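Step one of this worksheet: look at the structure below.
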Amino acid sequence: MNANLIRPDIGQWYAHTDKGELFQVAVRDEESRNIEIQYVDGDLDEIDAETWAVLPVERVEPPEDVTASVDDIETDDLGYSETDMTEADWEELLQPLRAQEEGWEDTEPEDERDPLGESRPAEPFTAEIAEAQEWAR
């Protein structure tokens, strides 16, 4: 009879060293001294403290996909979800980023802003109005 000195910690994953089965401790009832475990496939089992003491187990890292042991889990609850993407969606990701235009920017090309090359504002300057009035006298 081997004495198991490993404490059954809630949430910890263990492996039966003789069977290779992975399980997690779900509940440890101090009053009844029973330990409820859940296997990777979702099956539940209850072990008493005396059985645990002779059970050949070792602590292990959690399996990569622990969702099998949880009943009715939604993919959204895992923090990721798969989406259906079309081929065009994938190709769009490879296109260079387009610079967004600012609202205040003049979108007309600079060489087309003044097609006659006059470079004169639409309204005359106040100084030009006074100059024109003097010429008229």
Side-chain angles (χ1 to χ4, degrees):
M1 180 164 127
N2 293 339
N4 176 10
L5 301 176
I6 297 176
R7 178 185 164 107
D9 293 325
I10 296 173
Q12 176 63 47
W13 284 88
Y14 300 89
H16 283 279
T17 55
D18 58 343
K19 299 178 186 177
E21 292 180 319
L22 297 179
F23 65 91
Q24 181 181 31
V25 173
V27 177
R28 189 178 67 222
D29 187 356
E30 299 296 333
E31 191 173 313
S32 67
R33 297 182 36 94
N34 288 334
I35 302 154
E36 191 172 316
I37 64 172
Q38 186 170 23
Y39 293 95
V40 174
D41 63 2
D43 289 343
L44 295 173
D45 198 4
E46 191 172 277
I47 302 171
D48 59 39
E50 291 78 31
T51 304
W52 177 268
V54 296
L55 197 64
V57 297
E58 65 181 4
R59 289 177 179 254
V60 294
E61 293 294 318
E64 285 186 29
D65 183 20
V66 294
T67 61
S69 66
V70 183
D71 295 329
D72 299 327
I73 192 164
E74 295 292 326
T75 307
D76 292 340
D77 295 338
L78 297 174
Y80 65 88
S81 63
E82 291 187 29
T83 59
D84 293 331
M85 293 182 69
T86 64
E87 188 173 327
D89 294 335
W90 287 106
E91 289 174 3
E92 183 181 346
L93 296 174
L94 299 175
Q95 300 304 316
L97 295 175
R98 295 177 192 92
Q100 292 184 336
E101 296 174 355
E102 296 287 335
W104 57 267
E105 286 183 311
D106 192 354
T107 58
E108 191 176 349
E110 194 170 333
D111 58 333
E112 294 178 12
R113 292 183 194 159
D114 188 14
L116 300 176
E118 295 177 347
S119 300
R120 298 188 61 85
E123 296 178 19
F125 291 118
T126 308
E128 291 177 349
I129 295 172
E131 203 174 59
Q133 288 175 350
E134 281 197 30
W135 276 62
R137 290 190 196 170

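Computed from a predicted structure; not experimentally measured. Throughout, numbering of the chain's residues begins at 1 and tracks the sequence.
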Parallel, tilted or perpendicular: which describes the rings of His16 and Phe23, with under 30° parallel and over 60° perpendicular?
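Correct class here is tilted.
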For the atom pair [atom1] ([X]) and [atom2] ([Y]), what is the distance rounded to the nearest 0.5 Å?
{"X": "Ile35", "Y": "Arg7", "atom1": "CD1", "atom2": "CZ", "answer": "10.0 Å"}
{"X": "Leu22", "Y": "Lys19", "atom1": "CG", "atom2": "NZ", "answer": "13.0 Å"}
{"X": "Tyr14", "Y": "Leu55", "atom1": "OH", "atom2": "CG", "answer": "11.0 Å"}

Under 3.5 Å donor-acceptor, Gln12 side chain and Val60 backbone:
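Yes.
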Contact list for residues 51-61, test salt bridge (charged side-chain N to carboxylate O under 4.0 Å, His left out), sequence neighbours left out:
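Counting only pairs at least two positions apart or across chains, the salt bridge (charged side-chain N to carboxylate O under 4.0 Å, His left out) contacts touching residues 51-61 are Asp9-Arg59.
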Ignoring hydrogens, what is the shortest heavy-atom contact between Ile6 and Val57? Give both atom names and the distance.
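Looking at all heavy atoms of both residues, the shortest contact is CD1-O, 3.2 Å.
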Tell me, do [X] and [Y] make a side-chain contact under 4.5 Å, heavy atoms counted?
{"X": "Leu44", "Y": "Glu36", "value": "yes"}
{"X": "Trp52", "Y": "Glu50", "value": "no"}
{"X": "Tyr39", "Y": "Asp45", "value": "yes"}
{"X": "Val27", "Y": "Ile10", "value": "no"}
{"X": "Val40", "Y": "Trp13", "value": "yes"}

Ionic contact status for Glu31 with Arg33, cut-off 4.0 Å:
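Not counted as a salt bridge, because no side-chain N and carboxylate O are separated by less than 4.0 Å.
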